[in-house]
Engineer: 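Below is a structure I'd like to ask you about.
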Amino acid sequence: MPELPEVETTRRGIAPHLEGRTVTQLIVRERRLRWPIPEDLAIQIEGQTFTQIRRRAKYLLMDIGGGSLISHLGMSGNLRLVSVGTPALKHEHVDIELDSGMALRYTDPRRFGSMLWIKTGEVHPLLSRLGPEPLSDLFDGERLYQCARGKTSAVKPFIMDNAVVVGVGNIYASEALFAAGIDPRREAGRISRTRYQRLATEIQRILAHAIERGGTTLRDFTGGDGQPGYFQQELFVYGRGGELCKLCGGTLSECRLGQRSSVFCRRCQS
DNA sequence: CGCGACTCCTGCCGGC
DNA sequence: TGCCGGCAGGAGTCGC
């Protein structure tokens, strides 16, 4: 579910409910996520007050007490606010109860997500090798072009590499390549600076638009405030293999790149 | 050392 | 109707 726009939408939804609020109790029903939830997490956050809720790549960084709670939503994770006492269903693994009577509830059927802890001033190893934020000034076509020198992999897995730029997952990589008219199978190192400039622009435009619209709804995504995101109807290629291209009317092709399904239009993308 | 494959886990969908 | 294989929004890790 969560790509960068969904994570940013979640951040915006939950931040106003967390900032300035004190944690009364941490309830962990299932500790086994991608990595186990640290045993001492309750000691770190109970009785402490959230200050700032930040995002880096697809990680949410929630500053509280002497450090930050770091959460990643994986493929199926979701963070939302519920009233304290709301019965927990299957896969609703964690509640962070607040003095407001609300609780931040973490749900994740596949358990590919994570909930970790880091002390103030430390940089978590998971965050230490991340490339620039796609919507920052540090990211542009020149960055893509320079990173691509000597790369033999296909351009789609290349732009999904977090060391190159963060936050471009399978949906937005597919959509940005279509918008830029680039065949996702093309070798990354053999694409011109001009085309990378176009690609960078499209990545930024599409991500910014998706954030503005509250994230993509694929199945049941809702922001932290329970508002649904926008619909699949805005997608040109993702999930549309075999269907007709919205631009030229041709049949959309599908292939696998880096173990991820990739849909594209042979006529519109080269 | 770059790159592709494998892995974690549950749910769902299509085909037989 | 039911069972089974394959696939799903991520990304760390391993082995060639």
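Naming: A, B, ... by sequence-line order, numbering from 1 per chain.
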Engineer: What is the separation between atom CG on A/L33 and atom C1' on B/dC9, rounded to the nearest whole Å?
Structural biologist: 11 Å
Engineer: Are A/D108 and A/S76 linked by a side-chain donor-acceptor pair shorter than 3.5 Å?
Structural biologist: yes
Engineer: Round to the nearest Å and state the distance from A/E254 atom CD to C/dG6 atom P.
Structural biologist: 16 Å
Engineer: Any idea which of C/dG12, B/dC3, C/dG10 is nearest the A/L126 side chain?
Structural biologist: C/dG12
Engineer: Rounded to whole Å, how long is the line connecting atom CH2 of A/W35 with atom C1' of B/dC9?
Structural biologist: 14 Å
Engineer: Tell me: CE of A/M75 to P of B/dC6, nearest whole Å?
Structural biologist: 16 Å
Engineer: The side chain of A/R110 lies closest to which of these nucleotides: B/dG4, B/dC3, B/dC9?
Structural biologist: B/dC9
Engineer: Measure from the side chain of A/Q259, starting at C-beta and using heavy atoms only, and say which of B/dT10, C/dG10, B/dG4 lies closest.
Structural biologist: B/dG4
Engineer: Check A/R240 with A/E254, please: is the shortest side-chain N to carboxylate O separation under 4.0 Å?
Structural biologist: no
Engineer: State the pairing partner of B/dT10; accept Watson-Crick or G-U wobble contacts with both distances under 3.5 Å, and report none otherwise.
Structural biologist: C/dA8
Engineer: Using atom P in both nucleotides, what's the gap between B/dC9 and C/dC3 to the nearest angstrom?
Structural biologist: 23 Å
Engineer: Taking only N and O in the side chain of A/S261, is any of them less than 4.0 Å away from OP1 or OP2 of C/dA8?
Structural biologist: yes
Engineer: Side chains of A/Y172 and A/P134: closer than 4.5 Å at any heavy-atom pair?
Structural biologist: no
Engineer: B/dG2 C1' sits how many Å from A/R149 CZ, rounded?
Structural biologist: 16 Å
Engineer: Can you measure A/L257 atom CG to B/dA5 atom P for me and round it to whole angstrom units?
Structural biologist: 10 Å
Engineer: Rounded to whole Å, how long is the line connecting atom CE of A/M160 with atom C1' of B/dC3?
Structural biologist: 15 Å
Engineer: Roughly how far, to the nearest 0.5 Å, is the CD atom of A/E202 from the CZ atom of A/R205?
Structural biologist: 4.5 Å
Engineer: Is A/R111 touching bases, backbone alone, or none of the nucleic acid, heavy atoms closer than 4.0 Å?
Structural biologist: sugar-phosphate
Engineer: Does the side chain of A/H91 get closer than 4.0 angstrom to OP1 or OP2 of B/dG11 through an N or O atom?
Structural biologist: yes
Engineer: Assess A/R198 against A/Y196: is NZ or CZ under 6.0 Å from the centre of the six-membered ring, and within 45 degrees of the ring's axis?
Structural biologist: no
Engineer: What contact category does A/R260 fall into here, base, sugar-phosphate, or nothing, at under 4.0 angstrom with non-hydrogen atoms?
Structural biologist: base
Engineer: Is A/H72 near enough to C/dG10 that one of its side-chain N or O atoms lies under 4.0 angstrom from OP1 or OP2?
Structural biologist: no
Engineer: Can you check the A/Y106 OH to B/dC9 C1' distance for me, whole Å?
Structural biologist: 11 Å
Engineer: Kindly say if A/S76 contacts the phosphate of B/dG11, meaning a side-chain N or O under 4.0 Å from OP1 or OP2.
Structural biologist: no
Engineer: Stacking here means centres under 5.5 Å and planes under 30°; does A/F112 stack on C/dG10?
Structural biologist: yes
Engineer: Under 4.0 Å, counting only non-hydrogen atoms across every strand here, what does A/N162 touch: a base, just sugar-phosphate, or nothing?
Structural biologist: sugar-phosphate
Engineer: Between B/dT10 and A/K90, is there an OP1 or OP2 to side-chain N/O distance shorter than 4.0 Å?
Structural biologist: no
Engineer: Could you tell me whether the phosphate oxygens of C/dG10, OP1 or OP2, come under 4.0 Å of any side-chain nitrogen or oxygen in A/K58?
Structural biologist: yes
Engineer: Name the nucleic acid region contacted by A/F158, choosing base, sugar-phosphate or nothing; use a 4.0 angstrom heavy-atom cut-off, strictly under.
Structural biologist: nothing
Engineer: Does A/K151 come within less than 4.0 Å of A/E187, counting only side-chain N to carboxylate O?
Structural biologist: no
Engineer: If you check every side-chain atom of A/R256, which of C/dG10, C/dC7, B/dG4 has the closest atom?
Structural biologist: C/dC7
Engineer: Can you tell me which nucleotide in B/dG4, B/dA5, C/dG12 comes closest to the side chain of A/S153?
Structural biologist: B/dG4
